[in-house]
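Comments concern the structure below.
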Number of protein chains: 2
Amino acid sequence: MAIQDRRAALKTANRHAIIVAAAQIVSERGLPGLTADELAARADVSRRTIFNHFGSLDEIVTAGFIEAMGVIVEEFTAVAEATPVGEGTAASMFDEIAQVIRATDIVTPLSRMLRLLSPEDPMDAHQDARVRESLRIISDRLAAEVLRRHHGADPLDVNVLVGSLTGGLGVVALHWHVRTGASDDPESRAVWDELVDRVLTTLRDGFGRARD
Amino acid sequence: MAIQDRRAALKTANRHAIIVAAAQIVSERGLPGLTADELAARADVSRRTIFNHFGSLDEIVTAGFIEAMGVIVEEFTAVAEATPVGEGTAASMFDEIAQVIRATDIVTPLSRMLRLLSPEDPMDAHQDARVRESLRIISDRLAAEVLRRHHGADPLDVNVLVGSLTGGLGVVALHWHVRTGASDDPESRAVWDELVDRVLTTLRDGFGRARD
DNA sequence: TACACTAAGTGCATTGCTGCACTCAGTGCA
DNA sequence: TGCACTGAGTGCAGCAATGCACTTAGTGTA
């Protein structure tokens, strides 16, 4: 990692300041409360600078999303690395991933992320795309981790496994958002755990055995 | 006073940061301790920027001197404006100025200024020029204030009066520097007051009556 | 319905900062 | 005494931020 010169450092810092300021404003007032002028003032840059870094206000919100996403990925990685390697069967790989998912604090960053979405219509196409993108990132990361641990595993199997899991997680996330408003409190966390358990159990036992 | 745009504001702030940082470094290590690299780091600008603003390191020290000078002038002005106007005789004008001088906290800024000078040789020509310049500024300011208050006063009389006073003050300042190292503490302040009293008394009573 | 206003976004020129390479002067050491 | 090193200062080009004017789209009001 090369040492940044002052220019690169300033550019990076300003980009970050814009993202952070946007997230704060949206958090306080919602998306309609985000204006370029106020964002510039809060980020301590000129308005023109905002558009030097980003094509639109919407893009900044997405960048905030991706940053929060990065937090989840980091957590996943740390927990995954601390999770014992199993036998390499499909079931043991599933259990490893399930363990990682359960052991990772997803609610904190997810709550922050989902609050960046419009509260009125969490299911609209644009925001759905954001959630999908996030899940693709997580999926890739998890698959890479599993393949790293199990050299002999068939990549297709792994990707199907991981894809199914994260697909289920995506549904959970949106369902949880609708149900709890993505607030971060003991009740919403209980709901999250319950929903996660449900999906993990269903996927582990298979859909053919569901709801005996 | 026009509102500065961000560029002008940054330029001003950087210039000031350089001056302040230089004063700090010199205060801690003396003039030989001032290097462009360290100054840049402390002022949080690039080294090249320093020379965008100033022609030399020496010029920065002088700028710091002039800034401290500005503080003295401001104090003088404030105290002078709060001092009652006398009858307009030479004696009363002298007393007004003497009152201003006594009522003004000169030691604080002067201590800071003199510490910017080389501690080894406070009397060398280059630094002497700085002190002279400072006294000329004060002298001009005082003379202007006296003439403002006394429209009927002869400018020559006023300038002789003020010039003699500030000349005497200059000697006091350097003598005080040699004697106390320009440190700012109760002892050095007592020395300052004693020296000032001495000069004021001598000038008020005249040299012919000194040391009865 | 037309107009005025507001705010996002764009184009372009300017500004001050910055990086880099260089010169010069001073210093220390073999 | 010559050389290597260090640090102040200089020249020049590039960079990112900035200012400013403009366009476009959306909204509200008469």
Axis deviation across the helix from C:dT1-D:dA30 to C:dA30-D:dT1, five-pair ends, to the nearest 10°: 10°

Please check the phosphate of [N] (OP1 and OP2 only) for any side-chain N or O of [X] closer than 4.0 Å.
X	N	value
A:Ser46	D:dA17	no
B:Asn14	C:dC17	yes
A:His53	D:dA16	no

A side-chain contact here means heavy atoms from C-beta on lying under 4.5 Å apart; do [X] and [Y] qualify?
X	Y	result
A:Ser46	A:Phe51	no
B:Arg189	B:Thr180	no
A:Ile97	A:Ile101	yes
A:Arg179	A:Val191	yes

Electrostatic pair B:Arg29-B:Glu38, nearest N-O below 4.0 angstrom: yes

Carboxylate-amine/guanidinium contact A:Arg102 A:Asp197, below 4.0 Å: yes

Base-contact (B) and sugar-phosphate-only (S) positions in nucleotides 4-12 of chain C, heavy-atom cut-off under 4.0 Å, - elsewhere: ----BBBBB

Whether B:Thr166 side chain and B:Leu169 backbone form a donor-acceptor pair below 3.5 Å: no

Check: B:Ala41 main-chain N/O paired with B:Arg47 side-chain donor or acceptor under 3.5 Å: no

Just how far, in rounded Å, is [atom2] of [N] from [atom1] of [X]?
X	N	atom1	atom2	answer
A:Asp5	D:dA13	CG	C1'	14 Å
A:Leu39	D:dT18	CG	P	13 Å
A:Arg15	D:dA17	CZ	C1'	16 Å
B:Ile50	D:dG7	CD1	C1'	12 Å
A:Lys11	D:dG14	NZ	P	16 Å

Any donor-acceptor N/O pair under 3.5 Å between D:dT18 base and B:Arg7 side chain: yes

With A:Asp157 via side chain to side chain contact (heavy atoms under 4.5 Å, CB included) - residues at least two apart: A:Asp154

